[in-house]
Amino acid sequence: QVQLVESGGGLVQAGGSLRLSCAASGGTFTTATVAWFRQSPGKEREFAAAIRWNGGSTYTADSVKGRFTISRDSAKNSVSLEMISLKPEDSAVYYCAAGRPDTLYYIPSKYVFWGQGTQVTVSS
């Protein structure tokens, strides 16, 4: 059973940056797509970014394009989300997910494995 563990969340001022990491245990990302979703209170889980492990193609939501960058580290079997120019509206619990969503990489239900989430709070 694959387990995903996120790290790197925290409190940052608007305009600041954070780097989130997602490490897998009990399996590898070999043929998966790994994504970051986020969810704030009262809102649905929202797609942020995804990366296909094979080939490295990346996808980024319009709301974070140019500010968030997803990348993978094959040696560490991990995926990172670099976030810059953070805004208060980026505050949310950020979740790492892995699965084989094919072209529907932005839909949460297409992912099988999920981490426990890490809180990101951006103060104004």
Side-chain angles (χ1 to χ4, degrees):
Q1 181 78 358
V2 174
Q3 291 187 321
L4 305 180
V5 179
E6 302 101 334
S7 61
L11 173 65
V12 64
Q13 288 187 332
S17 61
L18 281 174
R19 183 181 181 91
L20 307 182
S21 293
C22 174
S25 62
T28 63
F29 290 134
T30 308
T31 60
T33 293
V34 182
W36 287 95
F37 288 83
R38 62 186 186 182
Q39 188 168 22
S40 33
K43 295 187 177 181
E44 293 188 353
R45 197 160 292 191
E46 176 191 26
F47 169 75
I51 185 167
R52 295 195 190 279
W53 198 259
N54 284 342
S57 296
T58 60
Y59 310 91
T60 309
D62 288 343
S63 59
V64 303
K65 194 162 291 183
R67 300 187 299 118
F68 289 14
T69 303
I70 189 170
S71 62
R72 71 187 194 282
D73 186 328
S74 300
K76 295 182 179 179
N77 200 35
S78 66
V79 171
S80 295
L81 184 68
E82 186 77 34
M83 306 184 294
I84 64 170
S85 302
L86 284 162
K87 306 174 182 180
E89 51 264 43
D90 293 320
S91 297
V93 177
Y94 283 70
Y95 296 92
C96 175
R100 296 186 177 89
D102 196 19
T103 58
L104 302 178
Y105 54 83
Y106 50 92
I107 298 179
S109 62
K110 297 299 181 182
Y111 291 84
V112 177
F113 303 105
W114 289 85
Q116 80 288 351
T118 185
Q119 178 71 48
V120 171
T121 303
V122 184
S123 63
S124 57

Before giving the answer on side-chain contact (heavy atoms from CB on, under 4.5 Å), spell out for Tyr59 and Thr33 the whole-Å C-alpha distance, their side-chain angles and the decisive distance to 0.1 Å.
-> CA-CA 10 Å; Tyr59 310 91; Thr33 293; 5.8 Å; no
I would like to know whether Val93 and Thr118 meet side-chain contact (heavy atoms from CB on, under 4.5 Å); could you show each step before the answer?
-> CA-CA 5 Å; Val93 177; Thr118 185; 6.0 Å; no
Give the intermediate values and the outcome of side-chain contact (heavy atoms from CB on, under 4.5 Å) for residues Gln116 and Glu6.
-> CA-CA 7 Å; Gln116 80 288 351; Glu6 302 101 334; 2.9 Å; yes
Worked verdict on Ser80 versus Ile70 for side-chain contact (heavy atoms from CB on, under 4.5 Å) = CA-CA 6 Å; Ser80 295; Ile70 189 170; over 6 Å; no
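Hydrophobic clustering (side-chain heavy atoms under 4.5 Å, transitive across Ile, Leu, Val, Met, Phe, Trp, Tyr) groups Phe113 together with Trp53. Residues Val12 and Ile84 fall into different hydrophobic clusters, defined by Ile, Leu, Val, Met, Phe, Trp and Tyr side chains chained together at heavy-atom separations under 4.5 Å. Under the 4.5 Å side-chain heavy-atom criterion for ILVMFWY residues, no single connected hydrophobic cluster contains both Ile51 and Ile107.
We find that Lys87 and Asp90 are not joined by a salt bridge, their nearest charged nitrogen and carboxylate oxygen being 4.0 Å or further apart.
Annotation: side chain of Val120 is in contact with side chain of Leu18 (closest heavy-atom distance under 4.5 Å). By the 4.5 Å heavy-atom criterion applied to side chains, Thr69 and Leu81 are not counted as neighbours. Proximity of Pro88 to Gln13: side-chain heavy atoms (C-beta onward) are nowhere separated by under 4.5 Å. Annotation: side chain of Ser21 is in contact with side chain of Ser7 (closest heavy-atom distance under 4.5 Å). Counting only heavy atoms from C-beta outward, the side chains of Met83 and Ser17 never approach each other to under 4.5 Å.
Ring orientation note: the planes of Phe68 and Tyr94 are tilted relative to one another, at an angle of 30° to 60°. Ring geometry for Trp114 against Phe37 counts as tilted: the plane angle lies between 30° and 60°, on a 0 to 90° scale.
Between the side chain of Asp73 and the backbone N or O of Ala75, at least one donor-acceptor pair lies under 3.5 Å. No side-chain donor-acceptor contact under 3.5 Å links Arg72 to the backbone of Asn54. No side-chain donor-acceptor contact under 3.5 Å links Ser91 to the backbone of Thr121.
In this structure, CG in Leu4 is found 12.0 Å from OH in Tyr111, a value given to the nearest 0.5 Å. Taken from SG in Cys22 to CH2 in Trp36, the straight-line distance is 5.0 Å, to the nearest 0.5 Å. Rounded to the nearest 0.5 Å, atoms CD (Glu89) and NZ (Lys43) are 8.5 Å apart. Here Glu46 contributes atom CD and Tyr106 contributes atom OH; the two are 14.5 Å apart, rounded to the nearest 0.5 Å. Here Leu11 contributes atom CG and Gln119 contributes atom CD; the two are 9.5 Å apart, rounded to the nearest 0.5 Å. Rounding to the nearest 0.5 Å places CZ of Arg38 at 4.5 Å from OG of Ser63.
In this structure, Arg45 forms a cation-pi arrangement with Tyr95, its terminal cationic atom sitting closer than 6.0 Å to the ring centre and no more than 45° off the ring axis.
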